[in-house]
Amino acid sequence: MKVTMRLTMDGLVHALRAKAHRAVEEAESGLRTETERDMRRRRAALRRRAGQRGRVRHDSGQP
């Protein structure tokens with residue numbers, strides 16, 4: 001089955017506003033900080049393991 005999706009400017013604005021509101025609510029409740037901290041720890045662990053194998057992964061966009 002072929003599915004076609006049409007993205008309108010109104011739909012895009014609505015989706016971005018919803019995402020922004022969700023991020024603000026998470027930040028105010030303290031959930032976002034926990035998530036960012038976990039992501040940093042996971043990336044650091046991946047880099048350590050990759051370094052031990054002799055390779056370095058650059059998936060975070062940071063050196």
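Values in this document were obtained by computation on a predicted structure and should not be read as measured data. Note that these values count all heavy atoms, side chains included, but never hydrogens, waters or copies made by symmetry.
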Practice task
Return the set of residues passing side chain to side chain contact (heavy atoms under 4.5 Å, CB included) with Ala45 (not counting sequence neighbours), or none when no residue passes.
Solution key: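 Arg48, Arg49.
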Practice task
Could you pull out all residues at least two apart from Leu12 that satisfy side chain to side chain contact (heavy atoms under 4.5 Å, CB included)?
Solution key: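 With neighbours one apart ignored, the set is Leu7, Met9, Leu16.
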Practice task
To the nearest 0.5 Å, tell me how far Glu25 CD sits from Arg22 CZ.
Solution key: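 Answer for the CD-CZ pair, Glu25 versus Arg22, is 9.0 Å.
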Exercise for the section: May I ask you to test the Val24-His21 pair for a side-chain heavy-atom distance under 4.5 Å? Expected result: no
